[in-house]
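Predicted, not measured: the structure shown is a model, and the values here were computed from it.
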There are 2 protein chains.
Amino acid sequence: MAVTIKDVAAKAGCSVTTVSRILNNRGSISEKTRKKVHTAMEELNYFPNQLAVNLFRQRTYLVGLIVPDVSHAFYALEIKYIERVLHENGYRLLLCNAESDNMRETEYLNMLQSNKVDGIIIASHTLDLEAYSKVNLPIVALDRFLGPDIPTVSSDHEQGGRLAAQELIDNNCKKVIQITGFCGVPTPSHKRHTVFSDVMKKNGICCETLELPFNAFSFRDYITYADNIFRNHNHIDGIFAADNVACAMEKVAISRGLNVPGDLKIVGYDGIEASLMSYKTLTTVAQPVKQLALTTVVTLLEIISGESVFDKGTHIRLPVRLIRGETTVDTKSGNEVLQQ
Amino acid sequence: MAVTIKDVAAKAGCSVTTVSRILNNRGSISEKTRKKVHTAMEELNYFPNQLAVNLFRQRTYLVGLIVPDVSHAFYALEIKYIERVLHENGYRLLLCNAESDNMRETEYLNMLQSNKVDGIIIASHTLDLEAYSKVNLPIVALDRFLGPDIPTVSSDHEQGGRLAAQELIDNNCKKVIQITGFCGVPTPSHKRHTVFSDVMKKNGICCETLELPFNAFSFRDYITYADNIFRNHNHIDGIFAADNVACAMEKVAISRGLNVPGDLKIVGYDGIEASLMSYKTLTTVAQPVKQLALTTVVTLLEIISGESVFDKGTHIRLPVRLIRGETTVDTKSGNEVLQQ
DNA sequence: AAAAAAATGACAACCGGTTGACAATTTTGG
DNA sequence: CCAAAATTGTCAACCGGTTGTCATTTTTTT
């Protein structure tokens with residue numbers, strides 16, 4: 001059926017050993033033979049069976065990536081950059097969409113171990129820590145805490161929470177709401193909300209923390225949810241939430257006749273395109289998506305190659321950046337102030 | 001190093017054959033032995049080496065997916081649903097992001113062949129048709145034409161173009177612009193633009209077709225581009241473009257003081273979340289993202305299992321749906337008309 | 001022409017499973 | 001207790017490569 005190294009050897013009129021030597025650049029080979037073999041490989045459309053190679057080498061150059069939702073803009077971007085860095089380093093990506101389902105995550109974890117991937121990047125967390133520590137493979141956690149032996153890479157959510165809080169304070173918010181993701185387990189990103197809350201308290205500002213009541217990522221749900229919030233909370237003048245949610249809040253606010261940022265200031269988090277798509281470009285705390293991907297992959301590859309310079313449980317935090325859009329400072333009213 | 005079937009056999013006090021029998025449900029095995037072996041597997045944290053199994057079975061249950069951009073919302077969704085259907089059928093996904101780069105696409109195509117995937121889904125097209133026909137593996141094209149032997153699954157772009165045109169006509173547009181994607185090669189989606197143009201012509205409506213001058217997918221670029229269009233074209237009253245672009249057009253139009261849909265009607269294409277995020281929810285032609293994924297995977301699996309009922313070069317078209325948002329019919333002005 | 005170096009081949013073991021054939025042992029039923 | 005059935009084991013071949021050893025052939029050098 002499939003073309004094997006034997007067929008190539010036969011066609012090129014040489015031994016299997018010679019073909020293998022050529023494939024792996026070992027021993028000495030004459031130009032003539034090399035050419036003959038290459039021609040044979042082309043004519044036969046030969047591709048070395050990586051299963052056999054990998055089995056022998058005990059190495060697959062395969063990395064598994066487990067995410068909670070492929071289609072969420074943030075993860076989609078992470079996947080893109082992670083795949084890019086992996087590709088640059090000769091690795092390929094086995095993508096696993098856990099969909100926040102612990103059955104699936106377990107299956108994937110098992111599958112990845114069976115498939116002898118060289119390492120795993122996990123950006124999901126629906127299992128007990130034990131499930132992760134039992135995995136006998138290099139693992140790096142992306143924006144999750146998976147146990148004392150697994151390094152975490154995340155953005156500096158503490159800084160992010162502080163920046164967001166300060167931006168709302170600087171723009172005179174007095175009654176703010178922050179919306180957190182659905183909280184099954186503690187993740188690095190929770191830090192931004194505790195810090196946000198703390199800073200608000202220290203400044204004597206009324207701050208309420210709400211938790212998304214579901215674990216889905218649908219904009220339609222966010223709109224419904226935003227609607228509820230405005231129905232149940234009066235005189236809010238500041239909001240802090242992930243970009244998608246913030247975008248929904250802005251849209252609903254405006255449709256309810258509120259002036260943004262006049263009546264209501266909004267700060268998003270993530271820095272994804274949703275922040276640009278809304279009517280008023282969101283002021284947002286941008287995560288370093290590219291850097292996160294790069295650092296995660298590099299950390300994993302270092303562990304794989306045994307060159308890791310970090311302690312097992314390191315937490316690498318990458319700096320975030322406040323991008324000022326149109327939802328915290330009103331350019332026009334700013335001018336008016338100047339003109340007075 | 002790694003735990004093998006031999007270790008399990010040793011620990012369970014039985015032969016390798018027995019363990020293999022248990023793993024594959026062959027022969028007759030006593031409950032006692034079965035239990036012993038399962039215990040041993042658990043205690044050793046054993047995972048059968050899929051490389052060895054796959055090598056023997058000549059089957060990997062791996063499917064490669066080549067997309068032009070993982071982070072584009074449409075593809076991100078397709079990936080999500082494709083992965084889901086694959087997973088339901090016991091297949092895993094090797095994700096390849098071609099990034100519209102023919103070098104990368106070639107590498108991926110070779111890699112997938114080396115890795116003996118069971119089949120490939122291709123949603124990219126930067127190579128000669130020959131490159132695809134040479135691949136000796138089941139292939140299905142998603143929204144691309146890759147040659148006479150490769151089936152294509154796409155949405156019914158003809159219907160889509162017609163629906164979009166009709167919507168603008170029904171709302172009295174007289175001077176419309178449609179914006180097409182960057183055109184390297186003909187794809188099924190081009191059809192919607194030729195049909196759109198035809199319908200407009202037949203109705204005596206001025207219709208200009210513009211092509212995105214770049215092959216990137218960045219919202220920031222779309223904004224710049226939209227700005228240019230408005231600078232160079234006066235009195236446009238209708239626009240047809242992909243959701244992302246349409247969203248940018250809407251945003252720029254509004255910032256230039258235009259009334260949407262009063263002065264300008266917009267119809268998007270895709271039905272992704274961008275259509276909901278804009279200030280006025282886009283009227284859009286929604287592609288059946290889930291159905292596309294399902295059909296693509298099912299078609300591929302049928303070819304893999306040799307049960308395909310289609311001709312090799314079939315083109316399966318799935319119906320689209322017009323979702324009326326707020327960018328073609330103004331609810332308020334609609335009411336006003338009624339009240340007169 | 002002889003010696004040294006380069007090129008190639010033959011062969012076997014291995015990676016970690018699967019599988020078929022056949023034998024040996026244990027269990028079960030009458 | 002014996003025959004039949006069920007269970008388990010041994011062994012070898014195979015999947016498609018890689019690699020080390022040793023031998024043989026060809027080419028190059030002096």
Side-chain angles (χ1 to χ4, degrees), chain A residues 1-38 40-41 44-62 110-118 136-137, chain B residues 1-38 40-41 44-62 110-118 136-137:
Chain A
M1 278 241 316
V3 180
T4 73
I5 197 172
K6 280 180 206 160
D7 303 315
V8 175
K11 178 130 196 164
C14 67
S15 72
V16 166
T17 307
T18 300
V19 179
S20 175
R21 283 195 181 110
I22 290 174
L23 285 171
N24 297 286
N25 274 314
R26 289 182 320 121
S28 60
I29 300 286
S30 71
E31 254 331 292
K32 210 172 63 181
T33 311
R34 192 183 299 275
K35 204 161 279 174
K36 266 198 306 183
V37 169
H38 277 129
M41 293 199 296
L44 293 172
N45 202 28
Y46 169 71
F47 291 93
N49 188 326
Q50 278 302 125
L51 296 174
V53 177
N54 293 343
L55 178 58
F56 183 85
R57 295 215 195 291
Q58 307 276 65
R59 200 68 199 280
T60 56
Y61 286 94
L62 224 51
N110 294 344
M111 183 273 279
L112 293 173
Q113 290 177 83
S114 269
N115 279 73
K116 305 296 167 189
V117 298
D118 288 345
N136 201 12
L137 279 173
Chain B
M1 277 241 317
V3 180
T4 74
I5 198 172
K6 279 179 206 160
D7 302 317
V8 175
K11 178 131 195 165
C14 68
S15 72
V16 166
T17 306
T18 300
V19 179
S20 176
R21 282 191 182 115
I22 290 174
L23 285 172
N24 297 286
N25 274 313
R26 289 182 320 122
S28 61
I29 300 287
S30 72
E31 252 336 287
K32 211 172 62 183
T33 312
R34 191 182 300 275
K35 204 160 278 173
K36 266 197 307 181
V37 169
H38 277 130
M41 294 199 297
L44 292 173
N45 203 28
Y46 170 71
F47 292 93
N49 187 327
Q50 278 302 125
L51 296 174
V53 176
N54 293 344
L55 177 59
F56 184 84
R57 295 214 194 291
Q58 307 276 67
R59 200 68 199 280
T60 56
Y61 287 93
L62 225 50
N110 294 344
M111 183 273 280
L112 292 173
Q113 290 177 83
S114 269
N115 278 72
K116 306 296 167 189
V117 298
D118 289 345
N136 201 12
L137 279 173

Practice problem: For a side chain to side chain contact (heavy atoms under 4.5 Å, CB included) with A:Thr17, tell me which candidate from A:Ser20, A:Cys14, A:Ser15 qualifies. | Solution: A:Ser15

Practice problem: For residues B:Val19 and B:Ile22, determine if any side-chain heavy atom of one lies less than 4.5 Å from a side-chain heavy atom of the other. | Solution: no

What protein N or O atoms touch nucleotides 5-7 of chain D N or O atoms at under 3.5 angstrom, if any, and at what distances?
from	atom 1	to	atom 2	distance (Å)
D:dT7	OP2	B:Ser28	OG	3.0

Practice problem: Any chance you could list the contact pattern along nucleotides 16-30 of chain C? Use B for base contacts, S for sugar-phosphate-only contacts and - for none, protein heavy atoms under 4.0 Å, 5' to 3'. | Solution: BBBBSB---------

Quiz item: Roughly how far, to the nearest 0.5 Å, is the CD atom of B:Gln113 from the CG atom of B:Leu137?
Solution: 5.5 Å

Exercise. Kindly compute the distance separating CE (B:Met41) from CD1 (B:Ile5), expressed to the nearest 0.5 Å.
Key: 9.0 Å

Exercise. With sequence neighbours excluded, tell me which residues meet ring-ring contact (aromatic ring centres under 6.0 Å, His included) with A:Tyr46.
Key: none

Quiz item: Does any non-hydrogen side-chain atom of B:Asn115 lie less than 4.5 Å from one of B:Thr60?
Solution: no

Quiz item: Do A:Ile29 and A:Thr18 have side-chain heavy atoms sitting under 4.5 Å apart?
Solution: yes

